[in-house]
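Report on the following structure.
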Amino acid sequence: MIDANLQHLQEAEKQLKVLVGEKFDAATKAGDLPQVERFFKIFPLLGLHEEGISKFSAYLCQQIAKKAEENLNLALGSESSERRATLLFADTLTLLFEGIARIVETHQPILETYYGPGRLYMLIKHLQSECDRQMEKVVDKFIQQRDYQRKFQRVQSCIMRSSSSEKIEPRDLDPILAEVTLMSARTELYLRFIKRRITSDFEVGDSMASEEIKQEHQQNLDKLLKHCLLSRSMQELIGYYITMEEYYMRESVNKAVAMDTCERGQLISSMVDDVFYIVKKCIGRALSSSSIDCLCAMINLSTTMMESDFREVLCNKLRMGFPATTLQDIQRGVTSAVSIVHSSLQQGKFDTKGIESNDEAKMSFLVSLNNVEVCSENIMTLKKNLENDCRKLFSQDFGGDQAKAKIDSCLSDMASVSNKFRDLLQEGLGELNSTAVKPQVKPWINVFLSVSHNIEEVMAQ
(Lines give C-alpha, C1' and ligand atoms only; values in the text may rest on other atoms or scores of the structure.)
Protein backbone atom coordinates (compact mmCIF):
# COMPACT_ATOMS: atom_id res chain seq x y z
CA MET A 1 0.00 0.00 0.00
CA ILE A 2 2.84 2.39 0.95
CA ASP A 3 4.71 1.57 -2.27
CA ALA A 4 1.59 2.19 -4.35
CA ASN A 5 0.97 5.55 -2.68
CA LEU A 6 4.62 6.51 -3.10
CA GLN A 7 4.49 5.62 -6.78
CA HIS A 8 1.30 7.65 -7.15
CA LEU A 9 2.95 10.66 -5.52
CA GLN A 10 6.03 10.35 -7.75
CA GLU A 11 3.84 10.25 -10.84
CA ALA A 12 1.93 13.29 -9.60
CA GLU A 13 5.24 15.08 -9.00
CA LYS A 14 6.36 14.33 -12.53
CA GLN A 15 3.05 15.53 -13.97
CA LEU A 16 3.22 18.70 -11.86
CA LYS A 17 6.75 19.45 -13.04
CA VAL A 18 5.74 18.97 -16.64
CA LEU A 19 2.62 21.08 -16.12
CA VAL A 20 4.57 23.94 -14.51
CA GLY A 21 7.10 23.84 -17.34
CA GLU A 22 4.35 23.92 -19.96
CA LYS A 23 2.51 26.75 -18.23
CA PHE A 24 5.75 28.72 -17.94
CA ASP A 25 6.51 28.20 -21.64
CA ALA A 26 2.98 29.30 -22.56
CA ALA A 27 3.29 32.45 -20.42
CA THR A 28 6.68 33.15 -22.01
CA LYS A 29 5.26 32.75 -25.50
CA ALA A 30 2.37 35.07 -24.66
CA GLY A 31 4.72 37.61 -23.09
CA ASP A 32 2.67 37.55 -19.88
CA LEU A 33 5.20 38.76 -17.28
CA PRO A 34 2.96 38.28 -14.17
CA GLN A 35 2.34 34.64 -15.15
CA VAL A 36 5.99 34.13 -15.99
CA GLU A 37 6.99 35.36 -12.54
CA ARG A 38 4.22 33.28 -10.91
CA PHE A 39 5.47 29.97 -12.35
CA PHE A 40 9.10 31.05 -11.88
CA LYS A 41 8.38 31.12 -8.13
CA ILE A 42 6.98 27.57 -8.24
CA PHE A 43 10.10 25.89 -9.67
CA PRO A 44 12.15 25.99 -6.42
CA LEU A 45 9.19 24.46 -4.51
CA LEU A 46 9.57 21.42 -6.81
CA GLY A 47 13.36 21.36 -6.37
CA LEU A 48 13.91 22.66 -9.90
CA HIS A 49 16.16 25.61 -9.05
CA GLU A 50 18.47 25.33 -12.03
CA GLU A 51 15.68 24.62 -14.51
CA GLY A 52 13.68 27.57 -13.21
CA ILE A 53 16.63 29.97 -13.49
CA SER A 54 17.50 28.61 -16.94
CA LYS A 55 13.95 29.04 -18.28
CA PHE A 56 13.53 32.47 -16.71
CA SER A 57 16.92 33.57 -18.09
CA ALA A 58 15.87 32.45 -21.57
CA TYR A 59 12.76 34.62 -21.28
CA LEU A 60 14.80 37.62 -20.10
CA CYS A 61 17.31 37.10 -22.90
CA GLN A 62 14.48 37.30 -25.43
CA GLN A 63 13.48 40.67 -23.97
CA ILE A 64 17.10 41.89 -24.07
CA ALA A 65 17.55 40.77 -27.69
CA LYS A 66 14.32 42.42 -28.79
CA LYS A 67 15.14 45.75 -27.16
CA ALA A 68 18.77 45.69 -28.32
CA GLU A 69 17.70 45.09 -31.93
CA GLU A 70 15.27 48.04 -31.74
CA ASN A 71 17.97 50.33 -30.34
CA LEU A 72 20.50 49.28 -32.98
CA ASN A 73 18.02 49.86 -35.81
CA LEU A 74 17.23 53.30 -34.42
CA ALA A 75 20.92 54.12 -34.28
CA LEU A 76 21.53 52.98 -37.86
CA GLY A 77 18.53 54.94 -39.10
CA SER A 78 19.41 58.20 -37.34
CA GLU A 79 20.61 61.31 -39.18
CA SER A 80 24.32 62.14 -39.23
CA SER A 81 23.49 65.75 -38.28
CA GLU A 82 22.10 64.79 -34.86
CA ARG A 83 23.88 66.15 -31.78
CA ARG A 84 25.25 62.79 -30.60
CA ALA A 85 25.72 61.30 -34.07
CA THR A 86 29.43 60.71 -33.41
CA LEU A 87 28.59 58.69 -30.27
CA LEU A 88 25.70 56.60 -31.61
CA PHE A 89 27.27 53.19 -31.08
CA ALA A 90 28.55 54.07 -27.62
CA ASP A 91 25.03 55.19 -26.70
CA THR A 92 23.53 52.00 -28.17
CA LEU A 93 25.93 49.90 -26.10
CA THR A 94 25.05 51.96 -23.03
CA LEU A 95 21.34 51.25 -23.55
CA LEU A 96 22.13 47.51 -23.71
CA PHE A 97 24.04 47.64 -20.42
CA GLU A 98 21.39 49.77 -18.72
CA GLY A 99 18.69 47.32 -19.81
CA ILE A 100 20.52 44.35 -18.31
CA ALA A 101 21.32 46.27 -15.11
CA ARG A 102 17.64 47.19 -14.77
CA ILE A 103 16.63 43.54 -15.18
CA VAL A 104 19.10 42.46 -12.50
CA GLU A 105 17.91 45.16 -10.07
CA THR A 106 14.25 44.28 -10.70
CA HIS A 107 14.45 40.50 -10.41
CA GLN A 108 17.25 40.00 -7.89
CA PRO A 109 14.86 40.37 -4.91
CA ILE A 110 12.53 37.69 -6.37
CA LEU A 111 15.49 35.38 -6.98
CA GLU A 112 16.83 35.81 -3.45
CA THR A 113 13.39 35.37 -1.85
CA TYR A 114 12.29 32.19 -3.67
CA TYR A 115 15.61 30.60 -4.69
CA GLY A 116 17.85 31.75 -1.85
CA PRO A 117 21.15 33.67 -1.92
CA GLY A 118 24.13 32.55 -3.98
CA ARG A 119 22.22 31.89 -7.23
CA LEU A 120 22.51 35.31 -8.87
CA TYR A 121 25.70 34.19 -10.64
CA MET A 122 23.75 31.55 -12.55
CA LEU A 123 21.18 34.10 -13.76
CA ILE A 124 23.78 36.71 -14.77
CA LYS A 125 25.85 34.08 -16.56
CA HIS A 126 22.92 33.44 -18.92
CA LEU A 127 22.25 37.17 -19.32
CA GLN A 128 25.93 37.82 -20.09
CA SER A 129 25.84 35.32 -22.94
CA GLU A 130 23.01 37.31 -24.53
CA CYS A 131 24.84 40.55 -23.76
CA ASP A 132 27.86 39.19 -25.65
CA ARG A 133 25.73 38.34 -28.68
CA GLN A 134 24.07 41.76 -28.82
CA MET A 135 27.32 43.59 -28.08
CA GLU A 136 29.00 41.78 -30.97
CA LYS A 137 26.33 43.07 -33.36
CA VAL A 138 26.83 46.65 -32.14
CA VAL A 139 30.63 46.45 -32.36
CA ASP A 140 30.50 44.88 -35.83
CA LYS A 141 28.30 47.74 -37.04
CA PHE A 142 30.60 50.23 -35.35
CA ILE A 143 33.66 48.81 -37.13
CA GLN A 144 31.76 48.78 -40.43
CA GLN A 145 30.10 52.20 -40.21
CA ARG A 146 33.07 54.04 -38.69
CA ASP A 147 35.57 52.28 -40.96
CA TYR A 148 37.54 51.49 -37.82
CA GLN A 149 39.64 48.63 -39.20
CA ARG A 150 40.67 50.49 -42.34
CA LYS A 151 41.62 53.62 -40.39
CA PHE A 152 43.77 51.51 -38.10
CA GLN A 153 45.50 49.93 -41.11
CA ARG A 154 46.07 53.38 -42.65
CA VAL A 155 47.62 54.60 -39.41
CA GLN A 156 49.89 51.55 -39.28
CA SER A 157 50.91 52.19 -42.87
CA CYS A 158 51.67 55.84 -42.10
CA ILE A 159 53.80 54.86 -39.10
CA MET A 160 55.80 52.31 -41.09
CA ARG A 161 56.26 54.26 -44.33
CA SER A 162 56.49 57.81 -42.95
CA SER A 163 55.15 59.11 -46.26
CA SER A 164 53.63 62.59 -45.96
CA SER A 165 51.43 62.14 -49.05
CA GLU A 166 49.44 59.24 -47.56
CA LYS A 167 49.22 60.47 -43.97
CA ILE A 168 45.82 60.59 -42.34
CA GLU A 169 44.93 63.92 -40.75
CA PRO A 170 45.07 63.61 -36.91
CA ARG A 171 41.89 65.62 -36.37
CA ASP A 172 39.98 63.10 -38.52
CA LEU A 173 40.64 60.52 -35.78
CA ASP A 174 39.22 62.68 -32.97
CA PRO A 175 35.55 61.53 -33.15
CA ILE A 176 36.29 57.82 -33.41
CA LEU A 177 38.85 57.91 -30.58
CA ALA A 178 36.32 59.66 -28.33
CA GLU A 179 33.64 57.08 -29.15
CA VAL A 180 35.93 54.11 -28.44
CA THR A 181 36.93 55.49 -25.03
CA LEU A 182 33.26 56.07 -24.16
CA MET A 183 32.42 52.49 -25.16
CA SER A 184 35.25 51.24 -22.97
CA ALA A 185 34.16 53.40 -20.02
CA ARG A 186 30.57 52.15 -20.24
CA THR A 187 31.80 48.55 -20.43
CA GLU A 188 33.98 48.96 -17.34
CA LEU A 189 31.08 50.55 -15.46
CA TYR A 190 28.76 47.68 -16.43
CA LEU A 191 31.27 44.96 -15.50
CA ARG A 192 31.92 46.68 -12.18
CA PHE A 193 28.16 46.64 -11.48
CA ILE A 194 27.96 42.92 -12.30
CA LYS A 195 30.97 42.16 -10.11
CA ARG A 196 29.57 44.08 -7.16
CA ARG A 197 26.17 42.38 -7.37
CA ILE A 198 27.53 38.84 -7.66
CA THR A 199 30.17 39.38 -4.96
CA SER A 200 27.61 40.61 -2.42
CA ASP A 201 25.30 37.68 -3.30
CA PHE A 202 28.13 35.17 -2.86
CA GLU A 203 29.06 36.71 0.50
CA VAL A 204 25.58 36.00 1.83
CA GLY A 205 25.25 32.58 0.18
CA ASP A 206 28.75 31.41 1.16
CA SER A 207 28.65 32.58 4.77
CA MET A 208 28.67 28.97 5.99
CA ALA A 209 30.56 27.46 3.02
CA SER A 210 34.08 26.05 3.09
CA GLU A 211 37.09 28.00 1.87
CA GLU A 212 37.33 25.79 -1.22
CA ILE A 213 33.78 26.68 -2.26
CA LYS A 214 34.47 30.39 -1.75
CA GLN A 215 37.61 30.22 -3.90
CA GLU A 216 35.76 28.29 -6.60
CA HIS A 217 33.02 30.91 -6.72
CA GLN A 218 35.58 33.73 -6.91
CA GLN A 219 37.37 31.97 -9.77
CA ASN A 220 34.07 31.53 -11.62
CA LEU A 221 33.33 35.25 -11.22
CA ASP A 222 36.79 36.28 -12.44
CA LYS A 223 36.47 33.97 -15.42
CA LEU A 224 33.05 35.39 -16.30
CA LEU A 225 34.29 39.00 -16.19
CA LYS A 226 37.69 38.57 -17.84
CA HIS A 227 36.96 35.94 -20.49
CA CYS A 228 33.52 36.95 -21.69
CA LEU A 229 33.28 38.12 -25.31
CA LEU A 230 32.51 41.65 -24.11
CA SER A 231 35.84 42.01 -22.30
CA ARG A 232 37.81 40.46 -25.15
CA SER A 233 36.15 42.67 -27.78
CA MET A 234 36.85 45.83 -25.78
CA GLN A 235 40.48 44.80 -25.31
CA GLU A 236 40.79 44.41 -29.08
CA LEU A 237 39.21 47.82 -29.75
CA ILE A 238 41.44 49.45 -27.13
CA GLY A 239 44.49 47.80 -28.71
CA TYR A 240 43.69 49.51 -32.00
CA TYR A 241 42.85 52.72 -30.14
CA ILE A 242 46.28 52.92 -28.47
CA THR A 243 48.07 52.74 -31.83
CA MET A 244 45.83 55.43 -33.34
CA GLU A 245 46.09 57.65 -30.26
CA GLU A 246 49.87 57.42 -30.36
CA TYR A 247 49.81 58.43 -34.03
CA TYR A 248 47.43 61.30 -33.23
CA MET A 249 49.74 62.51 -30.46
CA ARG A 250 53.00 62.28 -32.43
CA GLU A 251 51.62 63.89 -35.58
CA SER A 252 50.01 66.71 -33.59
CA VAL A 253 53.24 67.32 -31.68
CA ASN A 254 55.22 67.38 -34.93
CA LYS A 255 52.82 70.00 -36.28
CA ALA A 256 53.14 72.07 -33.11
CA VAL A 257 56.95 71.99 -33.40
CA ALA A 258 56.85 72.86 -37.11
CA MET A 259 54.52 75.82 -36.46
CA ASP A 260 56.54 77.06 -33.46
CA THR A 261 56.58 80.86 -33.09
CA CYS A 262 57.71 83.32 -30.45
CA GLU A 263 56.19 86.76 -30.40
CA ARG A 264 58.32 89.68 -29.27
CA GLY A 265 58.20 90.03 -25.51
CA GLN A 266 57.20 86.40 -24.87
CA LEU A 267 59.43 84.29 -22.64
CA ILE A 268 58.54 80.92 -24.19
CA SER A 269 57.58 79.83 -27.70
CA SER A 270 54.17 78.53 -28.76
CA MET A 271 55.12 74.87 -29.07
CA VAL A 272 55.47 74.32 -25.31
CA ASP A 273 51.83 75.09 -24.54
CA ASP A 274 50.68 73.34 -27.72
CA VAL A 275 52.61 70.15 -27.01
CA PHE A 276 51.43 69.86 -23.41
CA TYR A 277 47.85 70.58 -24.44
CA ILE A 278 48.09 67.65 -26.88
CA VAL A 279 49.70 65.34 -24.31
CA LYS A 280 47.09 66.20 -21.66
CA LYS A 281 44.31 65.65 -24.17
CA CYS A 282 45.59 62.19 -25.20
CA ILE A 283 46.25 61.02 -21.63
CA GLY A 284 42.92 62.49 -20.50
CA ARG A 285 41.11 60.61 -23.24
CA ALA A 286 42.81 57.36 -22.22
CA LEU A 287 41.87 58.07 -18.59
CA SER A 288 38.23 58.53 -19.61
CA SER A 289 38.23 54.96 -20.98
CA SER A 290 38.44 53.67 -17.35
CA SER A 291 40.87 51.03 -18.61
CA ILE A 292 44.02 50.86 -16.49
CA ASP A 293 46.01 49.11 -19.22
CA CYS A 294 44.98 51.76 -21.75
CA LEU A 295 45.93 54.59 -19.37
CA CYS A 296 49.32 53.04 -18.55
CA ALA A 297 50.07 52.55 -22.24
CA MET A 298 49.32 56.19 -23.08
CA ILE A 299 51.31 57.52 -20.11
CA ASN A 300 54.30 55.43 -21.20
CA LEU A 301 53.98 56.53 -24.84
CA SER A 302 53.66 60.19 -23.83
CA THR A 303 56.65 59.90 -21.52
CA THR A 304 58.74 58.29 -24.27
CA MET A 305 57.73 60.98 -26.76
CA MET A 306 58.67 63.80 -24.38
CA GLU A 307 61.90 62.14 -23.32
CA SER A 308 63.17 61.34 -26.81
CA ASP A 309 61.48 63.32 -29.58
CA PHE A 310 60.51 66.59 -27.90
CA ARG A 311 63.57 66.79 -25.67
CA GLU A 312 65.74 66.24 -28.74
CA VAL A 313 64.08 69.21 -30.46
CA LEU A 314 64.98 71.47 -27.54
CA CYS A 315 68.42 69.88 -27.30
CA ASN A 316 69.17 70.71 -30.95
CA LYS A 317 68.19 74.35 -30.39
CA LEU A 318 70.50 74.60 -27.38
CA ARG A 319 73.35 72.89 -29.25
CA MET A 320 73.46 75.89 -31.59
CA GLY A 321 74.86 77.74 -28.58
CA PHE A 322 74.66 81.31 -27.42
CA PRO A 323 76.45 83.72 -29.80
CA ALA A 324 79.72 85.14 -28.48
CA THR A 325 79.72 88.65 -26.97
CA THR A 326 82.00 91.66 -26.32
CA LEU A 327 85.47 91.20 -27.82
CA GLN A 328 84.43 88.12 -29.77
CA ASP A 329 81.49 90.10 -31.20
CA ILE A 330 83.83 92.89 -32.26
CA GLN A 331 86.27 90.48 -33.86
CA ARG A 332 83.48 88.69 -35.71
CA GLY A 333 81.80 92.01 -36.42
CA VAL A 334 84.79 93.20 -38.48
CA THR A 335 84.57 90.11 -40.65
CA SER A 336 80.77 90.47 -40.87
CA ALA A 337 81.08 94.14 -41.79
CA VAL A 338 83.52 93.36 -44.62
CA SER A 339 81.22 90.65 -45.98
CA ILE A 340 78.14 92.91 -45.62
CA VAL A 341 79.82 95.77 -47.53
CA HIS A 342 81.05 93.36 -50.20
CA SER A 343 77.58 91.85 -50.72
CA SER A 344 75.99 95.30 -50.65
CA LEU A 345 78.25 96.51 -53.46
CA GLN A 346 77.25 93.47 -55.51
CA GLN A 347 73.49 93.75 -54.79
CA GLY A 348 73.31 97.53 -54.74
CA LYS A 349 71.72 97.70 -51.25
CA PHE A 350 72.85 97.54 -47.63
CA ASP A 351 71.93 94.27 -45.85
CA THR A 352 71.76 94.07 -42.06
CA LYS A 353 70.66 90.43 -41.97
CA GLY A 354 73.93 89.23 -40.45
CA ILE A 355 73.62 91.61 -37.52
CA GLU A 356 69.93 90.86 -36.98
CA SER A 357 70.47 87.08 -37.16
CA ASN A 358 72.98 87.32 -34.32
CA ASP A 359 70.38 88.93 -32.05
CA GLU A 360 67.80 86.39 -33.18
CA ALA A 361 70.19 83.56 -32.32
CA LYS A 362 70.64 84.99 -28.81
CA MET A 363 66.89 85.32 -28.34
CA SER A 364 66.31 81.81 -29.70
CA PHE A 365 68.80 80.35 -27.19
CA LEU A 366 67.25 82.19 -24.23
CA VAL A 367 63.71 81.21 -25.27
CA SER A 368 64.85 77.59 -25.62
CA LEU A 369 66.22 77.71 -22.08
CA ASN A 370 62.88 78.98 -20.82
CA ASN A 371 61.12 76.28 -22.85
CA VAL A 372 63.17 73.56 -21.17
CA GLU A 373 62.45 74.92 -17.69
CA VAL A 374 58.71 75.24 -18.32
CA CYS A 375 58.62 71.71 -19.78
CA SER A 376 60.16 70.30 -16.63
CA GLU A 377 57.58 72.13 -14.50
CA ASN A 378 54.70 71.10 -16.78
CA ILE A 379 55.64 67.43 -16.56
CA MET A 380 55.55 67.55 -12.75
CA THR A 381 52.21 69.40 -12.86
CA LEU A 382 50.85 66.77 -15.24
CA LYS A 383 52.09 64.04 -12.89
CA LYS A 384 50.34 65.59 -9.88
CA ASN A 385 47.09 66.02 -11.79
CA LEU A 386 47.22 62.39 -12.93
CA GLU A 387 47.84 61.24 -9.37
CA ASN A 388 44.68 63.06 -8.24
CA ASP A 389 42.65 61.68 -11.16
CA CYS A 390 43.84 58.12 -10.53
CA ARG A 391 43.08 58.47 -6.84
CA LYS A 392 39.48 59.34 -7.74
CA LEU A 393 39.36 56.39 -10.15
CA PHE A 394 40.57 53.92 -7.52
CA SER A 395 38.14 55.31 -4.95
CA GLN A 396 35.35 54.19 -7.30
CA ASP A 397 36.60 50.59 -7.09
CA PHE A 398 38.40 50.56 -10.46
CA GLY A 399 41.34 48.19 -10.42
CA GLY A 400 43.16 46.82 -7.38
CA ASP A 401 46.62 46.82 -5.82
CA GLN A 402 48.18 45.53 -9.04
CA ALA A 403 46.62 48.37 -11.05
CA LYS A 404 47.86 50.93 -8.50
CA ALA A 405 51.38 49.54 -8.76
CA LYS A 406 51.26 49.89 -12.56
CA ILE A 407 50.12 53.50 -12.37
CA ASP A 408 52.75 54.37 -9.73
CA SER A 409 55.47 52.92 -11.95
CA CYS A 410 54.31 54.97 -14.95
CA LEU A 411 54.12 58.18 -12.92
CA SER A 412 57.59 57.64 -11.45
CA ASP A 413 58.91 57.49 -15.04
CA MET A 414 57.36 60.92 -15.64
CA ALA A 415 59.28 62.32 -12.66
CA SER A 416 62.56 60.99 -14.06
CA VAL A 417 61.83 62.62 -17.44
CA SER A 418 61.21 65.93 -15.66
CA ASN A 419 64.63 65.58 -14.05
CA LYS A 420 66.19 65.00 -17.48
CA PHE A 421 64.72 68.28 -18.70
CA ARG A 422 66.13 69.90 -15.55
CA ASP A 423 69.58 68.46 -16.37
CA LEU A 424 69.30 69.85 -19.89
CA LEU A 425 68.47 73.25 -18.40
CA GLN A 426 71.63 73.14 -16.29
CA GLU A 427 73.69 72.31 -19.38
CA GLY A 428 72.17 75.28 -21.20
CA LEU A 429 72.81 77.60 -18.26
CA GLY A 430 76.40 76.38 -18.19
CA GLU A 431 76.76 77.25 -21.88
CA LEU A 432 75.22 80.69 -21.27
CA ASN A 433 77.53 81.27 -18.32
CA SER A 434 80.72 80.37 -20.22
CA THR A 435 79.74 82.24 -23.39
CA ALA A 436 77.96 85.37 -22.17
CA VAL A 437 78.50 85.90 -18.44
CA LYS A 438 82.17 84.99 -17.92
CA PRO A 439 83.53 87.14 -20.80
CA GLN A 440 81.65 90.12 -19.33
CA VAL A 441 82.66 89.55 -15.73
CA LYS A 442 86.29 88.53 -16.31
CA PRO A 443 87.59 92.05 -17.24
CA TRP A 444 85.91 93.47 -14.14
CA ILE A 445 87.59 90.83 -11.98
CA ASN A 446 90.97 91.54 -13.59
CA VAL A 447 90.62 95.25 -12.79
CA PHE A 448 89.58 94.39 -9.26
CA LEU A 449 92.57 92.08 -8.79
CA SER A 450 95.02 94.63 -10.19
CA VAL A 451 94.28 96.99 -7.29
CA SER A 452 95.97 96.26 -3.95
CA HIS A 453 93.55 95.40 -1.20
CA ASN A 454 96.19 95.34 1.56
CA ILE A 455 94.90 97.75 4.24
CA GLU A 456 98.35 98.33 5.73
CA GLU A 457 99.79 99.42 2.37
CA VAL A 458 96.90 101.84 1.83
CA MET A 459 97.39 103.36 5.31
CA ALA A 460 101.15 103.69 4.76
CA GLN A 461 100.51 105.62 1.58
Side-chain angles (χ1 to χ4, degrees), residues 87 90 93-94 97 139 148 152 155 159 170 173-196 222 225-226 228 230-253 275-310 378-418:
L87 301 173
L93 209 56
T94 302
F97 296 150
V139 170
Y148 193 62
F152 169 72
V155 166
I159 293 173
L173 297 175
D174 250 327
I176 198 169
L177 294 177
E179 189 167 22
V180 170
T181 52
L182 184 58
M183 290 169 73
S184 174
R186 294 291 185 263
T187 300
E188 291 293 332
L189 190 64
Y190 164 76
L191 291 175
R192 193 160 58 95
F193 167 81
I194 294 299
K195 180 181 180 181
R196 189 169 61 248
D222 292 340
L225 297 175
K226 292 179 181 179
C228 63
L230 173 62
S231 293
R232 288 185 278 118
S233 296
M234 282 303 131
Q235 287 172 3
E236 187 177 356
L237 288 179
I238 287 295
Y240 294 153
Y241 159 83
I242 290 170
T243 302
M244 290 194 283
E245 187 73 272
E246 181 190 9
Y247 172 82
Y248 175 91
M249 178 179 66
R250 289 187 177 277
E251 287 299 310
S252 300
V253 166
V275 165
F276 277 91
Y277 170 80
I278 294 162
V279 170
K280 282 191 287 186
K281 180 178 179 179
C282 293
I283 294 179
R285 190 153 49 195
L287 178 67
S288 70
S289 72
S290 300
S291 169
I292 299 299
D293 291 336
C294 176
L295 176 59
C296 288
M298 281 315 303
I299 292 176
N300 289 335
L301 290 169
S302 302
T303 303
T304 302
M305 184 277 298
M306 290 187 290
E307 182 181 7
S308 56
D309 300 351
F310 189 50
N378 285 352
I379 292 172
M380 291 308 296
T381 302
L382 181 62
K383 176 179 177 290
K384 289 177 183 176
N385 291 339
L386 279 172
E387 285 174 344
N388 293 332
D389 292 336
C390 291
R391 200 175 294 116
K392 292 176 185 176
L393 197 66
F394 290 131
S395 68
Q396 297 170 4
D397 198 28
F398 281 101
D401 294 336
Q402 189 176 2
K404 290 179 182 178
K406 285 182 181 180
I407 295 293
D408 290 341
S409 175
C410 295
L411 294 178
S412 65
D413 290 341
M414 290 187 77
S416 65
V417 171
S418 177

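Proximity of Y241 to M183: side-chain heavy atoms (C-beta onward) are nowhere separated by under 4.5 Å. When side chains are defined from C-beta on, L93 counts as touching M234, because their heavy atoms get closer than 4.5 Å. Residues F394 and I407 form a side-chain contact, since some pair of their non-hydrogen atoms from C-beta on lies under 4.5 Å apart. Residues V155 and L173 are in side-chain contact: their nearest non-hydrogen atoms beyond the backbone lie under 4.5 Å apart. Residues R196 and R192 are in side-chain contact: their nearest non-hydrogen atoms beyond the backbone lie under 4.5 Å apart. M244 has its side chain out of reach of V180: every pair of non-hydrogen atoms, C-beta onward, lies at least 4.5 Å apart. Using a 4.5 Å heavy-atom cutoff, the side chains of Y148 and L237 are in contact. For the pair L382/I283, a side-chain contact is recorded, criterion being any heavy-atom separation below 4.5 Å from C-beta on.
Scored by the side chain to side chain contact (heavy atoms under 4.5 Å, CB included) test, L87 finds R84, D91, E179, L182 as partners (sequence neighbours excluded). Listed by chain and number, the residues in a salt bridge (Lys or Arg N to Asp or Glu O under 4.0 Å) with D309 are R250 (sequence neighbours excluded). Every residue was checked against the ring-ring contact (aromatic ring centres under 6.0 Å, His included) condition with Y247, not counting sequence neighbours, and none meets it. In this view, K195 and T199, L221, L225 satisfy the side chain to side chain contact (heavy atoms under 4.5 Å, CB included) rule, not counting sequence neighbours. Every residue two or more places apart in sequence or in another chain was checked for a salt bridge (Lys or Arg N to Asp or Glu O under 4.0 Å) with R186, and none qualifies. Applying the salt bridge (Lys or Arg N to Asp or Glu O under 4.0 Å) criterion to K281, with sequence neighbours excluded, gives D174. The ring-ring contact (aromatic ring centres under 6.0 Å, His included) check on F152 picks up Y240, with sequence neighbours excluded. The side chain to side chain contact (heavy atoms under 4.5 Å, CB included) check on A415 picks up M380, K383, with sequence neighbours excluded. Judged as a side chain to side chain contact (heavy atoms under 4.5 Å, CB included), and not counting sequence neighbours, the contacts of T381 are N385. Not counting sequence neighbours, E188 has no partner by the salt bridge (Lys or Arg N to Asp or Glu O under 4.0 Å) test.
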- Task: Apply side-chain contact (heavy atoms from CB on, under 4.5 Å) to I379 and F276, showing your working.
- Result: CA-CA 8 Å; I379 292 172; F276 277 91; 3.7 Å; yes
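The shortest heavy-atom contact between S288 and A185 is O-CB, 3.2 Å. When all heavy atoms of C282 and Y248 are compared, the pair lying nearest together is SG-CD2, 3.6 Å.
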Give the table of side-chain donor-acceptor pairs shorter than 3.5 Å for residues 292-304, with sequence neighbours excluded, one pair per line with atom names and distance.
from	atom 1	to	atom 2	distance (Å)
D293	OD1	K406	NZ	2.9
N300	ND2	C296	O	3.2
S302	OG	M298	O	2.8
T303	OG1	I299	O	2.7
T304	OG1	N300	O	2.8

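Rounded to the nearest 0.5 Å, atoms CE (M414) and CD (E387) are 9.5 Å apart. Taken to the nearest 0.5 Å, the OG atom of S184 stands 11.0 Å off from the CG atom of L189. Taken from NZ in K226 to CG in L191, the straight-line distance is 12.0 Å, to the nearest 0.5 Å. Annotation: the span from T181 atom OG1 to R285 atom CZ amounts to 7.0 Å, rounded to 0.5 Å.
Residue pairs meeting the salt bridge (Lys or Arg N to Asp or Glu O under 4.0 Å) criterion with at least one partner in residues 232-243, sequence neighbours excluded, are absent.
For the pair S233 (side chain) and L230 (backbone), a donor-acceptor distance under 3.5 Å is absent.
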